[in-house]
Amino acid sequence: MSIQNADLHCHSVVSDGTLEPEVLAARAAANGVELWALTDHDEIGGQRRAMAAAHANGMKYLTGTEISVTFAGETVHIVGLGFDADDAGMLRGLQATRGGRGARALEISDGLAKAGIPNAYEGALKYVGNPDLVSRTHFARYLVEIGACKDTGEVFRRFLTEGKPGYVPHRWASLKDAVHWITDAGGVAVIAHPARYKFTANEEYALFTEFKAHGGRAVEVVTGSHTETEYVRYADTAREFDLAASRGSDFHSPDESHTDLGRLPFLPGGLTPVWELLADRIR
Ligand code: AMP
Ligand code: MN
Ligand code: MN
Ligand code: MN
């Protein structure tokens with residue numbers, strides 16, 4: 001069995017995507033995906049549906065999630081793959097990570113109100129599929145709806161990133177806890193989209209070094225937000241740190257995501273695909 005078109009990173013309405021797991025599965029299969037994982041933010045409530053839909057569409061499946069972590073003052077995302085979705089430690093850890101989102105959303109709304117946009121919390125809620133998982137993406141959709149910005153990218157730039165009126169600093173899980181939840185549940189931890197973080201070279205080195213020390217085993221090399229130069233750069237980083245490589249679109253929505261499910265270059269040669277570490281976890 002030699003898999004090439006694996007897509008191991010995307011989001012459904014269970015977090016901040018706009019499609020149901022079943023619709024995502026059909027779309028992935030139509031795009032030629034052989035091995036799929038749904039990786040909702042801080043939540044695994046969609047895993048059963050996603051696995052059933054993967055099988056109904058002729059795909060193999062790995063369980064997935066994307067955990068929000070605070071490292072060196074930045075938010076870093078750690079994808080977990082192939083874990084036991086009934087693991088009690090994992091369920092508790094994710095629930096605790098989601099816990100601060102409700103209060104944060106009210107603070108985001110207050111910040112936006114001061115910038116002249118009232119009732120953003122109520123507006124964002126119209127887009128929320130999971131009341132436990134109100135994210136900045138839902139606010140962004142509401143601000144586009146009312147014409148405050150032309151697309152969600154502009155909302156993030158003008159309102160939702162550091163220094164902007166709707167930005168609320170937040171402490172997520174620790175790197176150590178997130179990696180341990182995943183690995184203790186039998187899965188593999190993956191550093192998501194490493195090129196997206198605003199780290200110095202020293203901070204990035206510390207991230208990879210500590211990630212490995214805690215038991216992390218892979219890095220996303222080919223992902224929707226990386227350029228071709230960044231594929232090469234993080235292929236080198238994978239070799240340097242002896243990490244396996246992952247591939248995932250990070251698809252959220254047909255209207256917002258420029259990379260569709262499965263529509264990415266294959267992994268560069270000479271790397272260990274993360275799914276080879278997870279051969280006995282593939283369903
Ligand atoms: P949150 O977990 O509430 O902080 O929201 C993070 C999510 O916002 C990410 O997973 C992305 O889906 C989305 N996001 C972050 N930055 C941007 C951006 N610049 N443009 C569009 N979406 C973004
Ligand atoms: Mn997201
Ligand atoms: Mn992410
Ligand atoms: Mn993601």
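Everything numeric here is computed off the predicted structure, so don't read it as measured data. Just follow the structure's listing: the first ligand is 1, and inside any ligand the first atom is 1. Numbers for residues simply follow the sequence, beginning at 1.
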The Mn ion (ligand 3) to nearest N/O/S of His77 less than 2.8 Å: yes
Assess, by modelled atom type and distance only, whether the side chains of [X] and [Y] contain a donor and an acceptor separated by less than 3.5 Å.
X      : Y      : result
Thr259 : Ser257 : no
Glu220 : His193 : no
Tyr127 : Glu145 : yes
Asp40  : Ser12  : yes
His11  : Asp250 : yes
Asn130 : Arg98  : no

Location of contacts on His11 toward ligand 1, heavy atoms closer than 4.0 Å: neither
For ligand 1, the portion of Arg157 having any non-hydrogen atom under 4.0 Å away: neither
Ligand-side contact atoms (ligand 1) for residue partner His252, heavy atom cut-off under 4.0 Å: 12 (O)
Proximal ligand 1 atoms for Asp16, defined as those under 4.0 Å from one of its heavy atoms: 7 (C), 10 (O), 12 (O)
Min N/O separation Arg136 to ligand 1 under 3.5 Å: yes
Contact check: Arg104 vs ligand 1, nitrogen or oxygen atoms, below 3.5 angstrom: yes
His170 to ligand 1, any heavy atom closer than 4.0 Å: no
Nearest non-hydrogen protein atom, atom 2 (O) of ligand 1: Arg101 NH2, 3.0 Å
Identity and distance of the protein heavy atom lying nearest atom 19 (N) of ligand 1: Phe156 CB, 3.6 Å
Step-by-step salt bridge (Lys or Arg N to Asp or Glu O under 4.0 Å) determination, Arg49 to Glu22: CA-CA 7 Å; Arg49 287 170 62 191; Glu22 291 78 9; 2.7 Å; yes
Electrostatic pair Arg141-Asp16, nearest N-O below 4.0 angstrom: no
Three-point angle Asp16:OD2, the Mn ion (ligand 2), His41:NE2, rounded to the nearest 10°: 100°
Metal site the Mn ion (ligand 2): N/O/S of His252 inside 2.8 Å: yes
Proximal candidate to atom 7 (C) of ligand 1 [heavy atom criterion; set Thr137, Leu133, Thr152, Leu160]: Thr137
The Mn ion (ligand 3): angle it makes with NE2 (His193) and OE2 (Glu66), nearest 10 degrees: 100°
Check: Asp42 main-chain N/O paired with Gln95 side-chain donor or acceptor under 3.5 Å: no
